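Since we're looking at a predicted model, the values are computed, not measured.
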Amino acid sequence: MQKHYLQDLIEPIVCDKGYELVRVLTIGQANPTLQVMIDKLDGTAITVDDCAIVSHALSDMLDAKDPIENRYSLEVSSPGLDRPLTKLVHFERYIGYDVKIETEEKVENRKRFKGKITNVADGNITLAVEDAEYTIPFAAISKAKLVLTDELWEEYQAAHEVADF
C-alpha cells in the first residue's frame, strides 16, 4: 500500500517536469532510501541535471506531505541499460530485446523466464525462450528487466555517440 501511495504522490510531479516515472522503490529499513527512477520521453539519456531537477521538485513535496516515517534519503536516477520494465508500454517499446521476468504465481509451470519479447497484446507479453514461446500476463509479473547484451550496448553507444578514449 505504501508503494502505490508514494507512486501516486511522485508520478504527477515527475510527469509535470517532462519525464516518465519508471519505478519507485524503498530500500532498507532503519534509514531507508527512496529510489525514484526516471526516464526521458524522447529516449535520450538522463543527465545529472535531470536528476537534480526532479530531486528538488520531489523534495519540496515530500517535505510538505511527509509520507515516510523517520529519516530517509532520496535518490533520483536513470534506469540504466538493464532497466526495469514496470509498465506494459515498456514491454511494447522493447519488443525484440532480451529480458528477465519473474512472476508472482507460476505461469506454464514456472516463475522465472529469460528470453526475447516477441509480442505484446491484450495485456500479455509473449516471450521466446529457447525453443518455446510463453504467454505471460502483465498482471502476473513481479519483476522484469532488460538483459544487457552486446547488441543493446552497441545500440546505446550509437544512439548516444559515446566517444572512445
Side-chain angles (χ1 to χ4, degrees), residues 1-94 97-107 110-117 120 123 125 127 129 136-149 152-153 155-157 159-160 162:
M1 184 143 117
Q2 170 91 3
K3 176 184 167 187
H4 294 295
Y5 175 68
L6 286 171
Q7 185 167 329
D8 290 345
L9 288 176
I10 292 168
E11 191 155 26
I13 292 167
V14 171
C15 292
D16 185 56
K17 293 295 177 187
Y19 301 94
E20 174 189 20
L21 180 64
V22 175
R23 180 174 74 186
V24 175
L25 190 63
T26 306
I27 304 166
Q29 299 287 340
N31 293 315
T33 297
L34 176 60
Q35 182 187 68
V36 177
M37 282 189 184
I38 61 171
D39 208 356
K40 288 187 178 175
L41 299 173
D42 65 4
T44 59
I46 290 290
T47 66
V48 172
D49 289 339
D50 295 318
C51 293
I53 289 166
V54 172
S55 181
H56 290 300
L58 290 177
S59 290
D60 293 341
M61 179 278 295
L62 292 168
D63 287 346
K65 300 262 186 200
D66 199 22
I68 300 174
E69 277 189 36
N70 303 321
R71 297 179 64 160
Y72 66 94
S73 299
L74 174 62
E75 174 188 292
V76 178
S77 65
S78 78
L81 283 178
D82 58 346
R83 63 174 288 139
L85 305 175
T86 59
K87 300 174 182 174
L88 197 56
V89 67
H90 295 162
F91 289 91
E92 292 169 352
R93 187 179 304 153
Y94 292 102
Y97 288 81
D98 291 330
V99 296
K100 285 184 181 178
I101 296 176
E102 291 182 24
T103 59
E104 290 288 333
E105 303 292 327
K106 286 187 176 182
V107 173
R110 58 192 295 177
K111 293 176 86 171
R112 288 183 177 82
F113 303 85
K114 182 179 177 185
K116 191 175 296 296
I117 302 170
V120 178
I125 292 91
L127 202 64
V129 179
I136 305 166
F138 175 73
I141 296 173
S142 60
K143 189 189 296 186
K145 71 176 195 164
L146 286 178
V147 173
L148 185 54
T149 62
L152 184 61
W153 175 244
E155 183 179 303
Y156 174 83
Q157 287 181 309
H160 296 93
V162 175

Member of K114, K116, R110 meeting the side chain to side chain contact (heavy atoms under 4.5 Å, CB included) criterion with V129: R110

Nearest heavy atoms of S78 and C51, plus distance in Å: N-SG, 4.3 Å

Side-chain heavy atoms of K17 within contact of D50, under 4.5 Å: no

Audit row: Q35, R23, side-chain contact (heavy atoms from CB on, under 4.5 Å) steps and yes/no: CA-CA 8 Å; Q35 182 187 68; R23 180 174 74 186; 3.1 Å; yes

Rounded distance [0.5 Å steps], OG1 in T103 versus NZ in K106: 9.5 Å

Beyond-backbone contact of V36 with L21, side-chain heavy atoms, under 4.5 angstrom: yes

F91 side chain near I101 side chain, heavy-atom distance below 4.5 Å: yes

Spatial distance of atom CD1 (I10) from atom CG (L58) [nearest 0.5 Å]: 5.5 Å

Nearest heavy-atom neighbours spanning F138 and T86: CZ-O, 3.4 Å

Any K40 side-chain heavy atom under 4.5 Å of Y19 side chain: yes

Evaluation steps, side-chain contact (heavy atoms from CB on, under 4.5 Å), between E20 and V14: CA-CA 7 Å; E20 174 189 20; V14 171; 6.0 Å; no

Distance in Å, L6 CG paired with K65 NZ, rounded so as to fall on 0.5 Å steps: 12.0 Å

Side chain to side chain, V24 and L9, heavy atoms closer than 4.5 Å: no

side-chain contact (heavy atoms from CB on, under 4.5 Å) between L62 and L34, worked out: CA-CA 11 Å; L62 292 168; L34 176 60; 3.8 Å; yes

Main-chain N/O of S73 paired to T33 side chain as donor or acceptor, under 3.5 Å: no

Any T26 side-chain heavy atom under 4.5 Å of Y72 side chain: no

Separation of K100 NZ from L148 CG (nearest 0.5 Å): 10.5 Å

Residue K87 excluded, over 12 heavy atoms near NZ under 6.0 Å: yes

For the student: nearest non-hydrogen atoms of A144 and I141, plus distance: CB-CG2, 4.0 Å

Least distance between heavy atoms, R83 atom then H90 atom: NH2-NE2, 3.5 Å

Reported OG-to-CD distance for the pair S142 and E104, which is rounded to 0.5 angstrom: 4.5 Å

Where G123 and L88 come nearest, the two heavy atoms and their spacing: CA-CD2, 3.9 Å

L85 side chain near Y94 side chain, heavy-atom distance below 4.5 Å: yes

Straight-line distance of R71 CZ to N31 CG, nearest 0.5 Å: 6.0 Å

side-chain contact (heavy atoms from CB on, under 4.5 Å) between I117 and L127, worked out: CA-CA 5 Å; I117 302 170; L127 202 64; 4.0 Å; yes

Closest non-hydrogen atom pair, D39 against T44: OD1-O, 4.3 Å

